[in-house]
Amino acid sequence: MPTGLVIPGVLQLSLHAAVDLALRTNLGYIDSEQDHQRSRAARIRALSTLLPQIGVESTEDYRNLVMDALGTEKLGVPHVVQGYNYQAAHATLQQQVVDFQALHEVKAASKEMEASAASMADARNIVVLASVSSYLLVAASQTRLETARAQFETAKTIESILSSRVVHDLSPQIDEIRAHVAMRSAELRVTLATTTLEKDKLALTRIIGLPIEQEFTLTDGLRFLETPSADQAELLSKASEKRQDLRAARARLDAAEQSVKAERAQRLPKVEILANGGETGITYGHPYRDYDVEGRISVPIFTGRRIEADVLDAKATADRRRAEFADTRARAVFDVRTALLDLTAASKSVEVSLENQALAVEGLRQAKDRFDVGVSNAADLIQAQQSVSEAEDNRIASIYAHQVAKLMLIRATGTAEQDYVSYLGVH
């Protein structure tokens with residue numbers, strides 16, 4: 001949900017700012033907040049049935065009385081008492097003294113509110129995951145564009161050198177053709193990298209709620225940082241404690257079990273007190289005090305198996321919630337183990353890509369030296385330059401994959417919002 005005005009110039013956007021903005025404006029999180037408000041309202045509504053219901057009322061009554069309706073036609077009294085009026089002002093009280101069904105419904109509503117609060121916290125983690133991963137993607141695209149531009153400049157330099165050598169009959173024309181093809185390919189990579197960056201930036205503005213027209217650049221780049229050490233058992237324990245979707249599933253199960261108890265409590269007696277007190281008279285200036293206090297006990301005897309049906313329905317919901325909780329708990333273990341495997345593979349990929357990049361740069365240096373002394377031809381030089389380009393692309397991709405793997409790990413443990421700074425090395 002984009003908010004605010006477009007800031008003139010280029011906005012310097014940090015990762016912290018992007019996450020904070022997403023948590024304020026992301027539609028998914030706003031929907032989760034509204035769901036939590038509705039669950040609070042449901043709990044208040046359920047609680048109100050256990051609290052006293054107090055009110056005041058004032059009436060002005062004008063009527064006639066048909067005496068024959070009272071069986072007085074043989075008593076010699078008038079058939080109709082002509083119009084008369086009276087005024088009354090009363091305070092009323094209604095209190096459920098014993099209502100086990102309402103008590104369990106309040107407990108169920110409290111658990112539902114707890115579940116919605118956990119779901120809202122989980123939604124925050126999801127928004128952090130989405131905004132940070134989108135930010136990292138833009139950072140990777142930004143780095144890839146800078147690298148593509150540098151490679152294009154290098155390709156132009158090589159093409160210029162070989163063109164000059166062809167003019168002076170120092171190299172065959174095929175070398176110039178190869179260099180020109182390599183230069184045009186590098187130019188195409190710049191165009192594609194520019195397009196990809198702009199599209200990724202548009203996607204980021206949608207996620208974090210920036211105006212779509214806002215120009216911005218990132219202040220936090222893509223960087224490699226080793227993962228903080230933690231064994232699998234520790235991470236699984238943290239997931240069991242911190243994952244908000246697990247807490248929400250547990251609270252929904254508790255709410256469903258309280259609902260079963262509430263339906264069963266329909267068979268129990270209910271005790272209610274009703275009181276009414278005030279003044280009645282021809283006018284408010286000449287009143288007579290009156291009051292009425294009533295105690296009521298109600299016990300269901302036969303309900304046509306309606307209560308049995310309500311209990312069966314509530315038990316079915318509880319069984320479903322129990323299965324959902326077990327599935328969520330298993331999914332938490334699956335997510336942590338999968339994230340660890342992905343992180344191990346990503347770490348190895350970064351190690352290999354960094355080594356390959358260093359070797360490719362050294363290979364380019366040697367190819368230039370060999371070409372300058374006439375030991376090798378231009379094809380070796382162009383191929384070495386292309387190897388550097390591929391190695392640089394692999395380095396960027398592997399570092400991005402490593403950052404995303406760390407992000408998925410802290411999402412699996414339920415600590416994305418708390419740990420993304422330390423895991424991603426944000427200053």
Side-chain angles (χ1 to χ4, degrees), residues 11-30 32-33 117-143 200-201 203-210 216-232 234-248 331-332 335-347 349-350 396-427:
L11 175 66
Q12 302 295 312
L13 184 65
S14 67
L15 182 56
H16 279 301
V19 172
D20 290 342
L21 190 58
L23 289 174
R24 292 199 305 269
T25 62
N26 187 271
L27 184 59
Y29 181 63
I30 292 174
S32 180
E33 284 184 317
S119 295
M120 188 169 65
D122 187 55
R124 289 181 66 90
N125 276 315
I126 293 174
V127 170
V128 170
L129 174 67
S131 56
V132 172
S133 61
S134 182
Y135 190 99
L136 292 175
L137 184 59
V138 174
S141 297
Q142 193 168 280
T143 304
D200 292 340
K201 289 173 72 174
L204 178 59
T205 61
R206 289 286 295 158
I207 291 174
I208 66 176
L210 274 179
F216 67 91
T217 186
L218 307 187
T219 60
D220 294 311
L222 191 69
R223 57 195 298 263
F224 173 69
L225 182 70
E226 290 288 350
T227 308
S229 60
D231 59 18
Q232 180 173 292
E234 180 181 348
L235 292 173
L236 289 174
S237 176
K238 181 185 288 188
S240 178
E241 177 185 355
K242 298 292 186 179
R243 278 189 62 138
Q244 298 299 319
D245 57 342
L246 197 58
R247 289 184 56 195
R331 186 171 68 247
D335 289 345
V336 171
R337 293 173 67 93
T338 301
L340 283 174
L341 293 173
D342 289 341
L343 186 56
T344 300
S347 298
S349 177
V350 171
I396 295 171
S398 64
I399 292 178
Y400 169 71
H402 185 261
Q403 293 287 69
V404 171
K406 290 191 291 185
L407 189 60
M408 294 306 296
L409 177 60
I410 57 178
R411 163 59 185 158
T413 58
T415 58
E417 185 176 3
Q418 296 87 348
D419 291 344
Y420 80 90
V421 171
S422 60
Y423 268 70
L424 301 183
V426 180
H427 295 293

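Everything numeric in this text was worked out from a predicted model, so none of it was measured. Below, each value reflects all heavy atoms present in this structure, side chains not excepted, and no hydrogens, waters or symmetry copies.
- Taking CG of L204 as the reference point, atom CZ of F216 lies at 4.5 Å (rounded to 0.5 Å).
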Inset, instruction - Go through the steps to decide whether Y420 and H16 satisfy the test side-chain contact (heavy atoms from CB on, under 4.5 Å), and finish with yes or no. - result: CA-CA 10 Å; Y420 80 90; H16 279 301; 3.2 Å; yes
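- Tested against L424, the residues I410, V132, D419, L225 include a single side-chain contact (heavy atoms from CB on, under 4.5 Å) partner, V132.
- The two residues K406 and Y423 come nearest to each other via the heavy atoms NZ-O, 2.7 Å.
- Scored by the side chain to side chain donor-acceptor pair (under 3.5 Å) test, R411 finds D122 as partners (sequence neighbours excluded).
- Around atom CZ of R247, no more than 12 heavy atoms belonging to other residues, nucleotides or ligands sit under 6.0 Å away.
- Taken to the nearest 0.5 Å, the CG atom of L13 stands 10.5 Å off from the OG1 atom of T205.
- Residues satisfying the side chain to side chain donor-acceptor pair (under 3.5 Å) criterion with S131, sequence neighbours excluded, are absent altogether.
- If you take OG1 on T25 and CD1 on I207, they are separated by 10.5 Å, rounding to the nearest 0.5 Å.
- When the salt bridge (Lys or Arg N to Asp or Glu O under 4.0 Å) test is applied to K242, no partner is found at least two apart in sequence or on another chain.
- S349 contributes no side-chain N or O that, together with a main-chain N or O of A345, makes up a donor-acceptor pair within less than 3.5 Å.
- Of all heavy-atom pairs between L246 and A239, the closest is CD2-O, 4.3 Å.
- Pairing each heavy atom of M120 with each of S32, the nearest pair is CA-OG, 3.0 Å.
- A346 and H402 get closest at one heavy-atom pair: CB-CA, 3.7 Å.
- No donor-acceptor distance shorter than 3.5 angstrom exists from the side chain of K238 to the backbone of T415, with no hydrogens or angles considered.
- For S134 (side chain) and A130 (main-chain N/O), no donor-acceptor pair under 3.5 Å exists by modelled atom type.
- Of the inter-residue distances, the one linking M408 atom CE with D342 atom CG reads 8.0 Å to the nearest 0.5 angstrom.
- Closest approach of Y400 to S133, counting heavy atoms only: OH-O, 4.0 Å.
- Between L409 and A339, the closest heavy-atom pair is CA-CB, 3.7 Å.
- At distances below 3.5 Å, not a single donor-acceptor pair connects side-chain atoms of S240 with backbone N or O atoms of L236.
- The distance from the OG1 atom of T143 to the CZ atom of R223 is 12.0 Å, given to the nearest 0.5 Å.
- Between the D220 side chain and the L15 main chain, a donor and an acceptor come within less than 3.5 Å of each other.
- Interatomic distance, CD of Q12 versus OG1 of T217, reported as 6.0 Å (0.5 Å rounding).
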